[in-house]
Amino acid sequence: MGVTAKIATPDLLKYNGQDCLATWYVNETHKPTMIADQQEQLYEELFKPTVITLLQTELCGMPINPKKVQFAKLHLVSIEHTCLDYFNNSKLIQDFHFTQLIALAEKMTAKAKKKIYDITDPIIAREVFNPGSDTQLRALIFDYMGYDIINLTKGKQASTSKGTIEKLINHAKTPEHKEIFEHLIKLADVSILLSTFIPSMEKAQRLPDGSYRLYGNFNLGGTQSLRLSSSDPNLQNIPSHSIFAQIIKECFEPIIGWLFFGSDFDALEDKTNALITKDPNKLKIYTDGFCGHCLRAFSYFGDKMNGIIETVTSINSIKKLYPDLRQDSKAPTFALTYGGSFHTLMKNCGFTKPQAKQIEKMYHQLYTVADKWVDNLVEQAKKIGYIPLAFGGRIRTPLLAKTVGKVKVPFAAQKEARSAGNAATQSYCFLTQRAMNEFRERVWASPYIYTILPAATIHDAAYYMGQDNADLIKWANDNLIDCMAWQQLPELMHPTIKISSGLEIYWPSWGNKVKIPNNASKQQIKALCLKAEQEEKAKQLITP
DNA sequence: TATTTCACG
DNA sequence: ACGTACGTGAAATAG
């Protein structure tokens, strides 16, 4: 058992008139390791200030309107009821359920010593069809309805995920089957919201002024990649682009007299990856103005594109001329970025073997320099036992270290290499924490010390509450964007490629963005807000 | 407790 | 011969 020791004087923070203690502890037995691993600077200069920023963020919380939460809940519950009613009234489902009951009775009879169970037995009769049970869905879809298995789970069972059912819809044998699939998908959409997000939002706390906050935790140092995580509740996986994202985001509203705003980096991981690998085909997206998706779509599917040549204008015209091919390039790019192979493209993106092989080949042909950079990283890791991350962080690679000098790299070590290679890029998310620290110091030295408060951070984004005042927003815009533009890490320096971000005011809720340009004047900001206000009024006239 | 699903980046 | 996409957290179900 290690001795837990305080290694730094706790900082006393004033928050809402209360003294709050920010402390950090390190297990004494781990301290020599930290120093030997050269993690002290990261710890002292970044982790400690981040603890303070995160404490303030956790104390601030996210502004939420409980009436909107109940509105969303009612809407989702009504959809849930529609689906459950459909299943209750579906002869096919009830016939299936009857077969399940008989099977259960037989199973229980076989297990019992003497007793013979039948479906009227209370233990069996109380069972209902549960579309939330993947076991039941598996029996329904693949055994009873007779569909072919198209996806397997990690445990090699037939997958019943939403994505799988979406694929099956296209092969529905009867209109009734199609209806069942549609209701299963709809139910899957609302079930996560009703089981996880709505209950957590209902835990928002009422403050003395009558406004509400949702308080969660931001966890530092618990990930492989220097990213933060968030828990109890997780504030980093609030629906953002999924089907009911809008109605959930509308629950997050600024309180009276305040604004809710934030800033996210422009393509942070893409850009930092281009800079650290120095791959010309990644860099030229930013130096020459190529659209990355168009460029890759041309690489993969150029033979299907008439009249496209390798100029910026021509390549970028793919977005309009071949939108489907451009869309089709996205999923395989993700898979290949994370170290997937043509097998992955066949299994997860639905390509045929020749198609998948072609895309794999063209991807690696396009990004040879980035591939070499990763290879070199892995070779180094075999010797030194770690892969370096942003800000001097490290991810250990014990399995790779064991393979030094060996010709063959075991599968588990390859997996470790993929994870570590990915962490090298993901770790630049810590630029967000660095920026929030610097911004906090500027705020605390400004007249806005009590009127600009950090509310959340989601990997490449920082969110704040600030009093509703054009001077304040102009100050926040100028300073936050400046803090987020910091690019002093040697591997990120570049004459023309600059890390950038943009301020957004979420008004009247998180469900709507009012984009504020960098360096906007007070008049510009006021005009943009007025325009948003008028658009909102017009919207309310249409849908009262 | 292990597995599956699904939300985010 | 193996097995074939990275990192997180939460809830429900099965056994």
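First the proteins, then the strands, lettered A, B, ... as listed; each starts at 1. Everything numeric in this text was worked out from a predicted model, so none of it was measured.
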* Structure fact -> Applying ring pair (Phe, Tyr, Trp, His ring centres under 6.0 Å) to A:Phe142 and not counting sequence neighbours gives none
* Can you give the first and last nucleotides of DNA chain C, 5' to 3', that have an atom under 4.0 Å from a heavy atom of chain A? -> C:dA1 to C:dA14
* **Exam field: side chain A:Trp373 to backbone A:Ile276, donor-acceptor pair closer than 3.5 Å** => yes
* Would you check if there is a donor-acceptor pair between the side chains of A:Gln433 and A:Thr457 at a distance under 3.5 Å? => yes
* Which is true for A:Asn348 with a 4.0 Å heavy-atom rule: it touches a base, it touches only sugar-phosphate, or it touches nothing? -> base
* Asked: With a non-hydrogen cut-off below 4.0 angstrom, is A:Thr337 in contact with a base, only sugar-phosphate, or nothing?
  -> nothing
* So A:Tyr147 and A:Phe181, would you call those rings parallel, tilted or perpendicular, with 30° and 60° as cut-offs? -> perpendicular
* Apply ring pair (Phe, Tyr, Trp, His ring centres under 6.0 Å) to A:His183 and list each qualifying residue two or more places apart in sequence or on a separate chain. => A:Tyr86
* **Qualifying residues under side chain to side chain donor-acceptor pair (under 3.5 Å), relative to A:Glu269, sequence neighbours excluded** => A:Arg227
* Asked: Got a sec, which residues hit ring pair (Phe, Tyr, Trp, His ring centres under 6.0 Å) with A:Tyr367, two or more places apart in sequence or on another chain?
  -> A:Tyr363
* To do: Provide the distance between the two P atoms, one in B:dA2 and one in C:dA5, to the nearest whole Å.
  => 23 Å
* Asked: A:Gln39: what forms a side chain to side chain contact (heavy atoms under 4.5 Å, CB included) with it, not counting sequence neighbours?
  -> A:Met34, A:Asp37, A:Leu42, A:Arg394
* To do: Return each pair, listed once, that meets salt bridge (charged side-chain N to carboxylate O under 4.0 Å, His left out) where at least one residue sits in residues 178-197 of chain A; pairs must be two or more places apart or across chains.
  => A:Lys162-A:Asp189, A:Lys178-A:Glu182
* Which whole number of Å gives the distance between the P atom of B:dT5 and that of C:dC2? -> 24 Å
* Asked: Between A:Met436 and A:Pro454, is any pair of side-chain heavy atoms under 4.5 Å apart?
  -> yes
* **Spacing of the P atoms in B:dC6 and C:dA1 (rounded, Å)** => 36 Å
* Report the residues that fulfil side chain to side chain contact (heavy atoms under 4.5 Å, CB included) with A:Gln224, sequence neighbours left out, ordered by chain and then residue number. => A:Ile395, A:Ser419
* Structure fact -> Residues pairing under ring pair (Phe, Tyr, Trp, His ring centres under 6.0 Å) where one sits in residues 234-253 of chain A, two or more places apart or in two chains, turn out to be A:Phe252-A:Trp510
* To do: List the protein contact pattern of nucleotides 1-9 of chain B with one symbol per nucleotide (5' to 3'): B for base contact, S for sugar-phosphate-only contact, - for none; contact means a heavy-atom distance under 4.0 Å.
  => ---SSBBSB
* Base-pairing string, 5' to 3', of DNA chain C - Watson-Crick or wobble, under 3.5 Å, | interstrand -> .....|||||||||.
* Asked: Between residues 72-79 of chain A and DNA chain C, which residues have a heavy-atom gap below 4.0 Å?
  -> none
* Asked: Are A:Lys357 and A:Glu360 ion-paired here, with the side-chain N under 4.0 Å from a carboxylate O?
  -> no
